[in-house]
Asks: 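Encoded as structure tokens, here's the structure I'll be asking about.
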Amino acid sequence: MKAIVDCNSFYASCEQVFRPDWKGKPIVVLSNNDGCIIARNDEAKRLGIVMGGPFFKAKDEIKAKNITVCSSNYALYGDLSRRVMETLLYFNPEIEVYSVDEAFLDLQSIPTNCLKNYATTVKDTVFQWTGIPVSIGIAATKTLAKVANRICKKQKAKHNGVFILSDVDEINEALDNTAIEDIWGVGRNNSKKLRFWGIDTALKLSKKDTAWAKKHLGGVVGVRLINELNGIPCIELGEGLEIKKMIASTRSFGKPVTTLSDLKEAIATYTARAAEKLRLQESAAGAIQVFFRSDKFDYAIPYHKNTQFSILSSATANTNELILEAQKLTEKGFQSGVAYKKAGVCLFMLVPENAIQKNLFDTVEANPQVVKLNKTMDMLNRKLGRDTVKFASVGLTQDWKTRCEERSPEYTTKWKDLPRIGKRAK
DNA sequence: TCTGGGGTCCTAGGACCC
DNA sequence: TCTGGGGTCCTAGGACCC
């Protein structure tokens, strides 16, 4: 059996950990730039706040209903996520961290009659150690575990955080109660197709044969999906730390950017961030891409976007080199007169940093001091806070910076934000 | 005023190899 | 009349996930 452990309303729960006075009150969390609503706790869900909608459209309603609004605070969520995962690791070395708020657990070594107790202990311990409530779904395949998890969250009182799907009748009932678009692996496009063919529940889909799936549901992907629904595992647990194959850093601007110097500053900032992530997984990038675009929702002005790509003469993880290349590309693609709304940097062709293929025609020897410089910068920024040391090209004022008007303190990752007991810090 | 930011995997088809 | 059989690698684009 496999389990999926999923944090309940993760971002909203993180915000509540350090604000006991928010207990029982509705909360929503916004995306970057305070753009969309990306998390709501149960109380906010009950008040009818929808997921993913643009914030400015729901603003009045949210105010009227007295719902607390948080800008996203990824430093906080990242740190609490790490604590949750470490707690899971304490129980089970066979864990696949699937996303910031989810992990799969391999339960092969747990006897069937102990599963319920085991999962309940895991759930309670995570809550006790981190303050984050989780739901656990258990079944023979990842896809069925996901089904169990959904039901577990939907019927909180009935399942109390743990739901095991093992009995055939129970599985069928669960599948019958799962709408086609709620299946893990069925997205917007396929659910539309399936509904058109009259397949509207997971149970109906599970009855289709694999040849049909191969033809109509994206080849092997469809075959796997049907097998998984029938309890035949086709998606194995991932191994520990997966090395990323691409790394990106992209952001919307708080206000439109119109000058080349501002755009270059933003691109340098995103490049520095991406390079940090690159070094964290001990890789180097062989290629870099930058892009920038105008507001895609503003139909009054013509939409403008530009993407520039370059393969480096040899792979590097050096921020300085990457920024220089990114800025060259920015100069190439920039158009004056355009109001840019969003920009980003992607790094591709990632290789391990200790296996960089040198270019035959490189005239400059790699300087070991530069590697040390980058590592030292990372260390300082990790220890003393992000951007303690940075490249001048990222700018000092950063007028274009993302909006986040309701950001909570970084309770667990910044000394000055450490919560105080007794008197609330001003 | 105002609409997020990351990622992965798979397929089809073309170019090329022997 | 008639034109093989097997491969690999790469890219663009689609679909999906959180």
Side-chain angles (χ1 to χ4, degrees), chain A residues 4-7 9-11 28-39 50-60 62-63 69-74 77-78 81 96-104 142-143 146 149-150 180-194 213-225 228 234-236 238 242-256 270 273-274 277-278 281 287 289 291 293-300 303 307 309 311 339 341-350 402-406:
Chain A
I4 176 83
V5 181
D6 195 324
C7 301
S9 313
F10 183 55
Y11 292 172
V28 298
V29 179
L30 306 181
S31 65
N32 265 327
N33 225 22
D34 293 346
C36 293
I37 296 160
I38 52 169
V50 286
M51 180 78 167
F55 173 53
F56 74 93
K57 282 190 183 165
K59 211 169 185 171
D60 292 341
I62 285 172
K63 207 167 176 183
V69 174
C70 303
S71 298
S72 38
N73 182 347
Y74 293 107
Y77 311 151
S81 169
E96 174 196 349
V97 177
Y98 178 64
S99 74
V100 70
D101 70 329
E102 285 174 67
F104 285 101
K142 279 182 161 182
T143 309
K146 278 278 201 180
N149 193 284
R150 250 194 104 258
I180 199 81
E181 49 275 331
D182 293 331
I183 305 171
W184 186 55
V186 178
R188 256 208 348 242
N189 284 286
N190 281 331
S191 55
K192 224 171 160 182
K193 256 196 269 178
L194 289 164
K214 191 163 188 171
K215 200 164 165 207
H216 296 100
L217 226 50
V220 299
V221 181
V223 176
R224 281 204 290 245
L225 183 59
E228 282 261 322
C234 294
I235 309 172
E236 289 310 318
E242 307 259 319
I243 297 291
K244 292 201 170 45
K245 297 163 184 168
M246 136 202 191
I247 285 172
S249 177
T250 71
R251 264 330 150 261
S252 299
F253 300 130
K255 57 183 185 191
Y270 303 155
R273 188 74 66 235
K277 294 189 208 171
L278 187 66
Q281 66 163 30
Q289 177 189 289
F291 75 87
R293 63 167 174 78
S294 60
D295 191 338
K296 67 175 172 184
F297 295 103
D298 189 347
Y299 301 111
Y303 183 52
T307 303
F309 183 85
I311 294 181
K341 190 69 209 318
K342 181 173 177 165
V345 173
C346 303
L347 303 175
F348 298 103
M349 298 171 69
L350 310 189
T402 297
R403 255 192 322 271
C404 44
E405 275 154 16
E406 305 292 343

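The chains referred to below are lettered A, B, ... by the order of the sequence lines, with proteins before strands, and numbering in each begins at 1.
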Asks: Each nucleotide N or O in nucleotides 7-9 of chain B that has a protein N or O under 3.5 Å away: list the pair and distance.
Replies:
unit_1 : atom_1 : unit_2   : atom_2 : d
B:dG7  : OP2    : A:Ala248 : N      : 2.6
B:dT8  : OP1    : A:Lys245 : N      : 3.0
B:dC9  : OP2    : A:Lys245 : NZ     : 2.7

Asks: Any donor-acceptor pair under 3.5 Å linking the side chain of A:Asp101 with the backbone of A:Phe10?
Replies: no
Asks: Report yes or no: does A:Lys245 contribute a side-chain atom to a donor-acceptor pair with the main-chain N or O of A:Leu350 at less than 3.5 Å?
Replies: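 Flag not set: sc A:Lys245 to bb A:Leu350 has no pair under 3.5 Å.
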Asks: Assign A:Val100 to base, sugar-phosphate, or nothing according to its heavy-atom contacts below 4.0 angstrom with the strands shown.
Replies: nothing
Asks: Taking A:Lys277 for its side chain and A:Ala248 for its backbone only, find out whether a donor-acceptor pair lies under 3.5 Å.
Replies: yes
Asks: Using atom CG of A:Asn32 as one end and atom P of B:dG6 as the other, report the distance to the nearest whole Å.
Replies: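 Checked: the CG to P distance equals 7 Å.
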Asks: How far, in whole Å, is C:dC18 from B:dT3 if one measures between their P atoms?
Replies: 25 Å
Asks: Does A:Asp34 use its side chain to pair, donor to acceptor, with the backbone of A:Glu405 at less than 3.5 Å?
Replies: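 Answer holds: yes.
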Asks: Can you name the nearest heavy-atom pair linking A:Gly35 to A:Ser31, along with the distance?
Replies: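 Closest approach of A:Gly35 to A:Ser31: N-OG, 3.4 Å.
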Asks: Starting from P on B:dT3, measure out to CG on A:Asp298 and report it in whole angstrom.
Replies: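 Checked: the CG to P distance equals 10 Å.
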Asks: Any chance you could measure A:Asp182, atom CG, to A:Lys146, atom NZ, to the nearest 0.5 Å?
Replies: 11.5 Å
Asks: May I have the distance from A:Glu405 (atom CD) to B:dT1 (atom P), rounded to whole angstrom?
Replies: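 Distance check: A:Glu405 CD to B:dT1 P gives 15 Å.
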Asks: Given atom CD of A:Gln289 and atom P of B:dG6, what is their separation to the nearest angstrom?
Replies: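 About 13 Å, once rounded to whole Å.
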Asks: Heavy atoms, side chains only, cut-off 4.5 Å: are A:Ile37 and A:Leu30 in contact?
Replies: yes
Asks: Between A:Thr250 and B:dG6, is there a side-chain N or O to OP1/OP2 distance below 4.0 Å?
Replies: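 It does, given that an N or O in the side chain of A:Thr250 lies less than 4.0 Å from OP1 or OP2 of B:dG6.
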Asks: Would you write out the dot-bracket form of DNA chain B, 5' to 3', with Watson-Crick and G-U pairs under 3.5 Å, [ ] for crossing pairs, | for pairs to other strands and . for unpaired bases?
Replies: ....||||||||||||||
Asks: Could you state the atom-to-atom distance from CG of A:Leu225 to P of B:dC10 in whole Å?
Replies: 13 Å
Asks: Less than 4.5 Å apart, any side-chain heavy atom of A:Phe309 and any of A:Phe291?
Replies: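 No; the side chains remain at least 4.5 Å from each other.
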Asks: Nucleotide by nucleotide, 5' to 3', does protein get under 4.0 Å of the base (B), only the sugar-phosphate (S), or neither (-) in nucleotides 13-18 of chain C, counting heavy atoms?
Replies: --SSSS
Asks: OG1 of A:Thr143 to CD1 of A:Ile4: how many Å apart, nearest 0.5 Å?
Replies: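 Reported to 0.5 Å precision, the distance equals 10.5 Å.
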Asks: Roughly how many Å is it from CG in A:Leu278 to P in B:dG6, rounded to a whole number?
Replies: 15 Å
Asks: Does any non-hydrogen side-chain atom of A:Lys341 lie less than 4.5 Å from one of A:Asn33?
Replies: yes
Asks: Kindly indicate whether the side chain of A:Tyr98, heavy atoms from C-beta on, has any atom under 4.5 Å from the side chain of A:Asp6.
Replies: no
Asks: In whole Å, what is the span from the CZ atom of A:Phe55 to the P atom of B:dG4?
Replies: 14 Å
Asks: Atom OH of A:Tyr77 to atom P of B:dG4: distance rounded to whole Å?
Replies: 16 Å
Asks: Between A:Arg403 and B:dT1, does any side-chain N or O lie under 4.0 Å from OP1 or OP2?
Replies: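 For B:dT1, OP1/OP2 do not have a side-chain N/O of A:Arg403 under 4.0 Å.
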